[in-house]
Number of protein chains: 2
Amino acid sequence: MKASTALDDMICFQLYAASRGMTALYRPLLDPHHLTYPQYLVLRVLWHDGPTTVRDLGRALALDSGTLSPLLKRLETQGFVHRLRDPGDERVVVVHPTAEGTALREQLDDLTQRLICATGLTLDELSTLHHLLHKARNPRKDLP
Amino acid sequence: MKASTALDDMICFQLYAASRGMTALYRPLLDPHHLTYPQYLVLRVLWHDGPTTVRDLGRALALDSGTLSPLLKRLETQGFVHRLRDPGDERVVVVHPTAEGTALREQLDDLTQRLICATGLTLDELSTLHHLLHKARNPRKDLP
DNA sequence: CACGATTCAGTTGTGCACAACTGGATTGCT
DNA sequence: AGCAATCCAGTTGTGCACAACTGAATCGTG
């Protein structure tokens, strides 16, 4: 299957550049709250699911402990989360949002709305994009 | 315009996760050549355009000198590029691919092909994805 | 019960990404 | 010619991202 043009040469780069561009859009909106985009993602999981283990945060965001451990330490230092060992299994650490962390939800609730709006993408386009990204994100494991 | 669902909550994360997933696919293919994905992107620009200034590399890849300077230093240490000051303008550094850097092109030529194939996306889907990513990558500057 | 395998969070080391800044080179304007 | 504004690559500092590893806790199987 030898078919394509410069298109497939571009697509991975487009993904890479679009991702960085999107977090660049988030930055000025998150900066006032002293949050980075990955920290915001962690808080969103906590807002949605309540107290969550480090392991489940890793599954939800596709990040490993090497990324999450220092990130959570910074979130704790800033007072947005607490970390508690599960008494039933001392290996497990459960991350709890603090009152301050929960309060942020209301200030940041319409944030994604505003960004999506900024891209000028329609709902149909969003839906298509979501579908394609999902496919691209779950590729076959067996490379030729 | 208050319309959407969890969809637009997801889309930025999908972008972020898909981008990381794609570079994770590249990694095992680039590792044998001791290249990272951003380094590979720099080489692709050099293969396509020949000797290029740091400034133009930055424009092409949307990266600043803070990222490129150390990256190029590593590429130079590995023998893939040379860096020469432009005699006509001593501010400018021109990045040249070495013979070794140019030789890599043939070994990595079908690499993107194989990855795209791995995603299972059709040409039509690729084209749509490309179009949407381009829109997402050039958003309006005036946030509401 | 014992003990090797597995699970979990954390640490270490390398490399990107980006803001803020530095210092030298060049340009533009008078 | 003079000199402020700009341009350019590089450095510094912070925070992700991830491979490889550590050590403690738990599980599974004999």
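In what follows, every heavy atom counts, from backbone to side chain, and hydrogens, waters and symmetry copies are set aside. Here the structure is a predicted model, which means the values were calculated and not measured. Each chain gets a letter, A, B and so on, in the order its sequence line appears, and its residues count up from 1.
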Undergrad: Kindly write out the residues that satisfy side-chain hydrogen bond (donor to acceptor under 3.5 Å, both in side chains) with A:Gln78, not counting sequence neighbours, or none if the list is empty.
TA: none
Undergrad: Does D:dA25 have OP1 or OP2 under 4.0 Å away from a side-chain N or O of A:Arg85?
TA: no
Undergrad: Is there any salt bridge (charged side-chain N to carboxylate O under 4.0 Å, His left out) pair reaching into residues 88-100 of chain A, and which pairs are they, with sequence neighbours excluded?
TA: A:Asp89-A:Arg91
Undergrad: To the nearest angstrom, how far is B:Arg55 atom CZ from D:dG10 atom P?
TA: 14 Å
Undergrad: If you look only at distance, which donor and acceptor atoms sit under 3.5 Å apart when one is on a side chain in residues 29-37 of chain B and the other is two or more places apart or in another chain?
TA:
from: B:Thr36; atom 1: OG1; to: B:Gln39; atom 2: N; distance (Å): 3.3
from: B:Tyr37; atom 1: OH; to: A:Phe13; atom 2: N; distance (Å): 3.4

Undergrad: Quick one: salt bridge (charged side-chain N to carboxylate O under 4.0 Å, His left out) partners of A:Arg85, sequence neighbours excluded?
TA: none
Undergrad: Does a nitrogen or oxygen in the side chain of A:Lys73 sit under 4.0 Å from OP1 or OP2 of C:dA9?
TA: no
Undergrad: Can you tell me how far C1' of D:dG15 sits from CG of A:Leu35, to the nearest Å?
TA: 13 Å
Undergrad: From CD of A:Gln78 over to C1' of D:dT14, roughly how many Å is that when rounded to an integer?
TA: 12 Å
Undergrad: Suppose the criterion is salt bridge (charged side-chain N to carboxylate O under 4.0 Å, His left out): which pairs have a residue in residues 46-69 of chain B, not counting sequence neighbours?
TA: none
Undergrad: What is the distance, to the nearest angstrom, from the CG atom on A:Leu72 to the P atom on C:dT11?
TA: 12 Å
Undergrad: What one-letter contact string describes nucleotides 17-27 of chain C from 5' to 3', where B marks a base within less than 4.0 Å of any protein heavy atom, S marks contact via sugar-phosphate atoms alone, and - marks no contact?
TA: BBB----BBS-
Undergrad: How many whole angstroms separate atom OH of A:Tyr26 from atom C1' of D:dC16?
TA: 17 Å
Undergrad: Taking the side chain as every heavy atom from C-beta outward, state whether B:Lys73 and B:Ser69 have any pair of such atoms under 4.5 Å apart.
TA: no
Undergrad: Using atom CG of A:Asp56 as one end and atom P of C:dT7 as the other, report the distance to the nearest whole Å.
TA: 14 Å
